[in-house]
Amino acid sequence: MSVTVLGAGAFGTALAISLAGRGAVRLWARDLGHVLEMNATRRNERRLPGAPFPDDLTVIDDLATIPDTETILLAVPMQQLRRTLQAHGPVLAGRRLVACCKGIERGSGLGPVAVISQTLPSAVPALLSGPSFAADIASGLPTALTLACEDAETGAELQADLSTANLRLYRTTDVIGTELGGALKNVIAIACGAVIGAGLGESARAALMTRGYAEMQRMALALGARAETLAGLSGFGDLALTCTSNLSRNYRLGLSIGREEEFDRSITVEGAATALAVTEKAAKMKLDMPITDCVTGFVNQSLTLPEAMAQLLARPLKEE
Ligand SMILES: NC(=O)C1=CN([C@@H]2O[C@H](COP(=O)(O)OP(=O)(O)OC[C@H]3O[C@@H](n4cnc5c(N)ncnc54)[C@H](O)[C@@H]3O)[C@@H](O)[C@H]2O)C=CC1
Ligand SMILES: O=C(CO)COP(=O)(O)O
């Protein structure tokens with residue numbers, strides 16, 4: 001098996017480093033200057049500092065050079081996925097494409113696998129998701145992720161091909177459940193960061209994680225996901241990691257909201273655009289997603305944290 005990773009961000013680079021332990025891996029970046037820099041230093045100091053490249057990792061700037069049989073990992077942010085697929089359609093069509101992004105696309109309300117299927121119907125799409133920080137994977141720390149593919153046979157092949165000594169993959173055919181787990185947990189992580197940033201306490205965070213999980217299940221089950229997928233790595237697992245770690249960019253955006261500090265807008269924070277997409281989708285589906293709606297309010301600056309807390313606490317009392 002040979003693999004090309006499309007997108008030399010933190011996650012794509014970490015996956016390329018980990019997979020290079022098993023054989024030849026190509027890492028493609030769109031910016032020629034970045035490619036030359038990585039080839040010269042054998043590192044990606046822009047996105048994943050301090051992680052040296054193994055010998056089996058080659059950095060490339062031309063996707064036309066990759067073999068026809070190659071599996072491609074798509075490691076670009078969710079809102080960039082469609083234009084990436086469109087830009088490289090002729091090279092990507094008909095291949096096994098593993099999305100590595102977490103989010104719901106604005107406008108369409110679709111997750112990564114659905115966007116691939118819609119844009120390149122001849123491709124065989126899959127999704128890699130679950131609790132993992134790029135730096136942990138690149139340092140060889142143990143990590144477990146979910147590999148979702150509607151076609152069970154292809155899923156089993158990808159599971160075997162993409163597992164490494166430290167990266168343990170579990171497989172599922174529940175693509176929609178995996179998509180939604182990875183997307184929605186980022187929104188809840190922003191909310192958790194905000195309560196911690198504002199000094200509202202660990203108990204409030206635990207309440208948000210739990211009620212946030214209820215929102216994740218509400219939308220996922222309504223769209224046909226299996227409850228056990230949400231309870232797995234790509235749902236509960238990633239929710240636990242992202243809502244409790246300063247390494248998470250979503251959580252850190254939340255912290256800055258709670259502390260009323262500026263946040264660097266160039267940082268990839270998938271939960272921000274996803275909150276807007278999910279609020280829209282939930283309204284169409286007539287689903288109650290109060291925590292997600294608060295995060296949408298923070299993102300479009302129509303709601304402050306004190307207003308959000310007052311709103312959540314004033315909701316009618318109900319059964320759990
Ligand atoms: N960083 C992490 O620890 C993890 C990230 N992920 C997911 O991986 C995805 C990517 O995140 P990161 O790599 O962390 O982001 P990043 O901000 O480090 O890198 C994003 C990369 O995508 C490239 N890119 C953006 N638009 C592009 C386009 N149109 N065509 C080609 N390349 C383009 C950028 O040049 C950049 O190299 C996100 O969906 C994130 O949720 C998942 C698990 C862990
Ligand atoms: O998805 C992640 C951990 O599983 C990475 O989280 P952030 O995108 O919030 O940094």
Side-chain angles (χ1 to χ4, degrees), residues 4-18 27-35 37-38 44-49 51 59-61 63 72-89 91-92 98-105 111-112 115 119 127-139 141 143-146 167 178-179 181-193 233-256 263-275:
T4 292
V5 180
L6 193 160
F11 196 42
T13 304
L15 289 170
I17 289 172
S18 181
L27 176 63
W28 176 87
R30 59 178 166 167
D31 172 5
L32 181 60
H34 194 197
V35 170
E37 197 179 295
M38 288 189 281
N44 181 355
E45 288 301 323
R46 291 191 195 184
R47 296 282 174 175
L48 192 64
V59 185
I60 60 166
D61 67 342
L63 283 176
I72 302 193
L73 271 51
L74 301 165
V76 298
M78 181 63 216
Q79 307 305 322
Q80 303 296 327
L81 180 61
R82 188 182 291 270
R83 77 184 56 154
T84 304
L85 295 166
Q86 286 165 342
H88 305 288
V91 180
L92 302 180
V98 183
C100 300
C101 41
K102 297 174 180 174
I104 300 295
E105 187 184 49
V115 168
T119 316
L127 175 67
L128 189 60
S129 194
S132 59
F133 287 126
D136 292 348
I137 291 182
S139 338
L141 297 177
T143 311
L145 298 178
T146 302
L167 195 57
T178 309
E179 282 184 332
L184 300 178
K185 64 87 190 177
N186 278 334
V187 178
I188 306 305
I190 295 175
C192 287
L233 291 162
S234 62
F236 174 76
D238 214 353
L239 181 75
L241 180 71
T242 317
C243 293
T244 60
S245 171
N246 284 320
L247 291 182
S248 159
R249 297 160 296 188
N250 286 280
Y251 180 73
R252 287 205 306 273
L253 169 64
L255 285 178
S256 74
F263 191 80
D264 178 353
R265 296 279 154 195
S266 70
I267 294 173
T268 300
V269 181
E270 293 284 32
T274 291

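Ligands are counted one by one from 1 in listed order, and the atoms in each one are counted from 1 as well. The chain is numbered in sequence order, starting from 1.
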Listing, residues 130-137 side-chain donor-acceptor contacts under 3.5 Å, not counting sequence neighbours, or none:
none

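Under a 3.5 Å cut-off, the side chain of T119 and the backbone N or O of V115 do form a donor-acceptor pair. In this structure, the side chain of N250 engages the main chain of G271 through a donor-acceptor pair within 3.5 Å. When atom types are taken as modelled, the side chain of R30 and the backbone of G7 share no donor-acceptor pair closer than 3.5 angstrom. Counting only distance, with no hydrogens or angles, the side chain of D238 and the backbone of K185 share no donor-acceptor pair below 3.5 Å. Remark: the backbone N or O of L253 is paired with a side-chain donor or acceptor of S256 at under 3.5 angstrom.
Q86 and R83 share no side-chain donor-acceptor pair at under 3.5 Å.
Annotation: salt bridge (charged side-chain N to carboxylate O under 4.0 Å, His left out) contacts of D61 (sequence neighbours excluded): none.
The only option from T242, T274, L239, I104 that meets the side chain to side chain contact (heavy atoms under 4.5 Å, CB included) definition with N186 turns out to be T242.
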Check: every ligand 1 N/O to protein N/O pair under 3.5 Å:
residue	atom	partner	partner atom	Å
ligand 1	1 (N)	R249	NH2	3.2
ligand 1	3 (O)	A134	N	2.8
ligand 1	8 (O)	C100	O	3.3
ligand 1	13 (O)	A10	N	3.2
ligand 1	13 (O)	F11	N	3.0
ligand 1	14 (O)	R249	NH1	2.7
ligand 1	14 (O)	R249	NH2	3.0
ligand 1	17 (O)	R47	NH1	2.8
ligand 1	17 (O)	T268	OG1	2.5
ligand 1	18 (O)	A10	N	2.9
ligand 1	29 (N)	T84	OG1	3.4
ligand 1	35 (O)	R30	NE	3.4
ligand 1	35 (O)	R30	NH2	3.2
ligand 1	37 (O)	G9	N	3.3
ligand 1	39 (O)	K102	N	3.0
ligand 1	39 (O)	E270	OE2	2.5

Which N or O atoms of ligand 2 sit under 3.5 Å from a protein N or O, and how far apart is each pair?
residue	atom	partner	partner atom	Å
ligand 2	1 (O)	K102	NZ	2.7
ligand 2	1 (O)	K185	NZ	3.0
ligand 2	4 (O)	K102	NZ	2.9
ligand 2	4 (O)	G130	O	3.3
ligand 2	4 (O)	S132	N	3.0
ligand 2	4 (O)	S132	O	3.3
ligand 2	4 (O)	D238	OD1	2.6
ligand 2	4 (O)	D238	OD2	3.4
ligand 2	8 (O)	R249	NE	3.4
ligand 2	8 (O)	R249	NH2	3.0
ligand 2	8 (O)	N250	ND2	3.3
ligand 2	9 (O)	S248	OG	2.7
ligand 2	9 (O)	R249	N	3.1
ligand 2	9 (O)	N250	N	3.0
ligand 2	9 (O)	N250	ND2	2.7
ligand 2	10 (O)	R249	N	2.9
ligand 2	10 (O)	R249	NE	2.9

